[in-house]
Visitor: 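Here it is, the structure, as structure tokens.
Letters A, B, ... mirror the listed sequences (proteins, then strands); counts begin at 1.
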Amino acid sequence: MTVKTLKVLSEEVEDMGLAYAAAGGNTAVLHDHGVSSLVISGSKVLSANQTEGVELEKEETETGVNIKMTIKKGYRIPDPVHLCFGLIPEDGVQEINMDFIAEEGSAVELVAHCTFPNAVKIVHKMDAKMLIGKNASLKYTETHFHGPHGGIRVLPKAHIKIEEGGRYFSNFTLIEGRVGLLDFDYDVDAGKDSICEMVTKVYGKADDLIKVKEKISLNGENARSVIKSRLALTENAVSEFIGITEGHAPHARGHVDCMEVIQDNAKAEAIPIVRVDNPLAKVTHEAAIGCVDKKEVETLMARGLDEDAAVDVIVKGMLA
Amino acid sequence: MAVILTLKNLTLNRDGKKILVGVNLEIGDGEIHSIIGSNGAGKSSLAYTLMGLQGYEPEEGSILFNGEDIAKLSITERAKKGITLAWQEPARFEGLKVRDYLAIGAGGNGNITEEEIRSALRKVDLKPEKYIDREVGEALSGGERKRIELASILTMKPKLAILDEPDSGIDVVSLKEIVSLIQALKENGASVLVITHRKEIAEASDRASLMCEGAVLRSGDPEEISHFFINRCIPCDNRLYLQED
Ligand SMILES: Nc1ncnc2c1ncn2[C@@H]1O[C@H](COP(=O)(O)OP(=O)(O)OP(=O)(O)O)[C@@H](O)[C@H]1O
Ligand SMILES: [Mg+2]
């Protein structure tokens, strides 16, 4: 490698580091050899580190990176595994294919930051296949940071299979910057005695379009799940939320909870779908769409905030 | 004493109903002034009109704050001039920490020290270490929420604090703390307009006014005003009539 490309690469590492920090990430952990991490800029792997019990394979493709991550049987990874995906330029495509396996009895927390600070015309696609083995546990947090331009299409798609006694918790947050287009499509097959909790929090502005589809099939006896979504929309933002929970096994319990606040010309649609074909299963739902509480806004205005700032505080509280 | 607030012939209608019918009132700079009167007399409506809440735009009359008519200003503009309001039933804010809520009135976290926030909580008799990181949400009791509301008025260092029944929902033994809080506001340079049903609070004021059917009936010495209210007015059909001598 020539000196020049090395310099370009180190600048890119630095840029991603800054963007990662802007998205709320702690850059120090990316350099900590005791912590597993993976940094991908566009279709380049900038750094990768694996620790005991974590197996990480990656392959650069023309438009992105294929990742295979395995948490070995029985390993409980003490520190979260940090992932940083992003694109620094204004345009480009990033396709991440992720094959994740948590083997029997393992436990891990994945903390992903996706950062596109300058996005004007960017597509970020994520296709994930996740297998949570018997009695294994995955906690997955994904935080997005987009720039102010809105020229981004984020297309996360995941199929998750949770085996007997497995646990899966996900928390997807896209609050800072413009959303652009988000088409979120997660689908979970939940086995016997498994637990699944999916939380999505998105703040849409200007002409952002937010589509969230989450489906959980409670296929195993005593499987339990919660889908919780919190969406806030201002200006001309539009959202469509579909939360599906199906109870197919005895004593399966599921709940869909969607709360949205809208302002200005924003439009929100929430469709909770509950299907039950086992008489011993029970699935419930609640959905509420409304505007920001007037008294809350006026209280903050009486403390000196202008109306927009007051609404911002209230919405961020709901999304906290 | 210099006058900070003058209301002249303030009238307010809501949904075709007369709520304020020509309120005249003067509040002195640095004065604690209590407003008493029976339920439905228009006390909260007067407070909302002074703060400029939506739906409380006066039909007629003027609100002079330091000589300037503020009747057309927004809530924020009034707050920036130093006017603030503590609601009878305070709002709740899910996800907002007490520390951040108390910083808002001070102009943000950069403008207030941790110790000032803690001191405001102590003044409303809340242990700072127990409350500072809690949410101003459903998990707080009504009385705790009321106290935090009053603490948020303290950190704002207002020039005119309008307190709508700061004593409601507060246990009786804590009444004297509310009184000392009102006095603390005064010591920090505020004038306080306090709406109350409690004799103890009215009598700790410099002056008092009695409201009846959307008007201020009389103003003066607090003991005399509350004596008048208790002994000379009889509630009837939700209205007040002056008793014959
Ligand atoms: N939108 C409205 N339409 C009609 N009447 C209203 C409206 N809002 C308030 N009122 C009436 O205005 C009157 C004054 O109400 P306000 O809340 O100001 O009374 P208050 O003196 O604060 O009473 P309390 O001691 O019970 O708090 C009441 O009779 C109330 O019913
Ligand atoms: Mg009232």
Visitor: For a quick check, list the donor-acceptor atom pairs closer than 3.5 Å between chain A and chain B, or say none.
Guide:
from   : atom 1 : to     : atom 2 : distance (Å)
A/K295 : NZ     : B/E89  : O      : 2.3
A/E298 : OE2    : B/Q54  : N      : 2.9
A/A302 : O      : B/T84  : OG1    : 2.7
A/R303 : NE     : B/S152 : OG     : 3.0
A/R303 : NH1    : B/T84  : OG1    : 2.8
A/R303 : NH1    : B/L85  : O      : 3.0
A/R303 : NH2    : B/L85  : O      : 3.3
A/R303 : NH2    : B/E149 : OE2    : 2.7
A/R303 : NH2    : B/S152 : OG     : 3.4
A/L305 : O      : B/T76  : OG1    : 2.9

Visitor: With sequence neighbours left out, what residues match A/H255 under side-chain hydrogen bond (donor to acceptor under 3.5 Å, both in side chains)?
Guide: A/T284, A/E286
Visitor: Roughly how far, to the nearest 0.5 Å, is CG of A/L305 from CD1 of B/I75?
Guide: 11.5 Å
Visitor: Could you have a look at B/L85, B/V136, B/L53 and say which one has the most heavy-atom pairs with chain A under 4.5 angstrom?
Guide: B/L53
Visitor: Evaluate the side chain to side chain contact (heavy atoms under 4.5 Å, CB included) criterion for residues A/V313 and B/F93: first the C-alpha distance (whole Å), next the side-chain angles of each, then the deciding distance (0.1 Å), finally the verdict.
Guide: CA-CA 9 Å; A/V313 167; B/F93 298 90; 5.7 Å; no
Visitor: Nearest heavy-atom pair of B/A79 and A/G304: which atoms, and what distance?
Guide: CB-N, 3.5 Å
Visitor: Give, as side chain, backbone, both or neither, the part of B/I162 having an atom under 4.5 angstrom from any heavy atom of chain A.
Guide: neither
Visitor: Under the rule for side-chain hydrogen bond (donor to acceptor under 3.5 Å, both in side chains), what residues qualify as partners of A/D187, not counting sequence neighbours?
Guide: A/H159
Visitor: Non-hydrogen atoms of chain B under 4.5 Å away: do they reach the side chain of A/A302, the backbone, both or neither?
Guide: both
Visitor: With sequence neighbours excluded, tell me which residues meet side-chain hydrogen bond (donor to acceptor under 3.5 Å, both in side chains) with A/D183.
Guide: none
